[in-house]
Amino acid sequence: MIIIKTPEEIEKMRIANQVVVKALLKLKEMVKPGITTAELDIVAEESIRGAGARPSFKGYRGFPASLCASINEVVVHGIPGKRKLQEGDIIGLDLGAEYEGYYGDAAITLPVGKITPEAERLLRVTREALYKGIERMKEGNRLSDISHAVQVHAEAAGFSVVTDFVGHGIGTAPHEDPQVPNYGPAGQGPILKRGMVLAIEPMINAGGHPVQVLEDEWTVVTRDRKLSAHFEHSIAITETGPDILSEFAWS
Ligand code: MG
């Protein structure tokens, strides 16, 4: 069942999402060669707690950290640790917060120093695909219109869409109905209505779409070990169109 949120609830969710965004912007300034993902995780947690919120990934199904830090071939759910970022890496930062019972969730993928033109293109196209999906979040459209728009944009660039993990509803739980795949034909699924809040999160691979989970039971990598990128926003559907609760100035 898709839970409809009141305007008041959406404002609480905007606060939760802006707590996430504030932390992500701090991390963005720190992402440089030599820093460890554990150091990023500490700052993420301090930033969220300092804003009166709770890092919602920490302890979720046993996840050991506040931040998911996913380097290069890691698609999502990378566990922060002692690994140092290196020039030319890309790093996905996925972060969630709970504020007064409402959840926020957003992700960005950043370059570490100078990256290859192909890696730059992957980041750009993945972010664009997210916005192509968001553009479809209008009352009266169907859920899979979002999915289809993401897939078309990613595949037109020669990249492939991860199918094993999907976006989701969000609200008083970090994951609510519906699931939001990043692929599929348009015109299917529930009709979009105002008050729905969805986390749209394309995971796009430079090579093939297959992924695998490593022995830590969290880290998801591309099977061909080629690069993967991930961008995510939490977005409310309003009478005037999509309202990106986690929006911020990217650069
Ligand atoms: Mg999410």
Side-chain angles (χ1 to χ4, degrees), residues 2-3 5 10 12-24 27 41 44-45 48 53-70 74-80 91-99 101-110 126-127 129-134 136-137 143 146-147 149-151 154 161-184 189 196-205 211 213 218-220 228-237 242-248:
I2 304 176
I3 302 167
K5 280 81 184 176
I10 288 171
K12 284 250 172 82
M13 295 186 71
R14 192 188 311 278
I15 295 172
N17 275 288
Q18 288 301 314
V19 168
V20 170
V21 162
K22 194 174 156 201
L24 286 176
L27 300 183
D41 180 56
E45 177 164 358
I48 289 172
R54 179 181 68 82
S56 54
F57 294 176
K58 196 161 196 178
Y60 182 75
R61 295 185 180 163
F63 191 75
S66 298
L67 176 72
C68 291
S70 303
V74 179
V75 179
V76 285
H77 304 166
I79 299 173
I91 179 164
L93 304 173
D94 190 356
L95 197 57
E98 180 248 311
Y99 176 80
Y102 290 86
Y103 285 81
D105 193 355
I108 53 176
T109 302
L110 297 169
T126 304
R127 198 174 117 194
L130 167 60
Y131 282 84
K132 293 287 181 188
I134 292 171
R136 305 307 300 158
M137 289 185 67
L143 185 73
I146 302 168
S147 313
V150 171
Q151 180 180 27
V161 172
V162 172
T163 54
D164 289 12
F165 297 87
V166 298
H168 50 93
I170 180 167
T172 55
H175 296 106
E176 294 182 355
D177 286 343
Q179 293 199 343
V180 188
N182 295 301
Y183 59 95
M196 290 180 177
V197 185
L198 305 176
I200 309 294
E201 50 177 321
M203 289 148 259
I204 306 297
N205 295 348
V211 299
V213 181
W218 279 108
T219 309
V220 179
S228 185
H230 178 214
F231 284 85
E232 176 177 23
H233 272 312
S234 296
I235 309 108
I237 299 172
D243 179 359
I244 305 174
L245 305 180
S246 51
E247 187 63 297
F248 61 97

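The residues of the chain are indexed from 1 along the displayed sequence. First listed ligand is number 1; within each ligand, the first listed atom is number 1.
- Glu232 contributes OE2 as its N, O or S atom closest to the Mg ion (ligand 1).
- Taking a cutoff of 4.0 Å between a charged side-chain nitrogen and a carboxylate oxygen, Lys5 and Glu176 qualify as a salt bridge.
- Among the atoms of Glu201, an N, O or S atom falls under 2.8 Å of the Mg ion (ligand 1).
- A donor atom on one side chain and an acceptor atom on the other are not found under 3.5 Å apart for Asn182 and Ser147.
- For a distance bound of 2.8 Å, the N, O or S atoms of His168 include one lying that close to the Mg ion (ligand 1).
- Judged purely by distance below 3.5 Å, without hydrogens or angles, the side chains of Ser228 and Asn205 pair a donor atom with an acceptor atom.
- The nearest N/O/S atom of Asp105 to the Mg ion (ligand 1) is OD2.
- In this structure, a donor-acceptor pair under 3.5 Å is present between the side chains of Tyr131 and His233.
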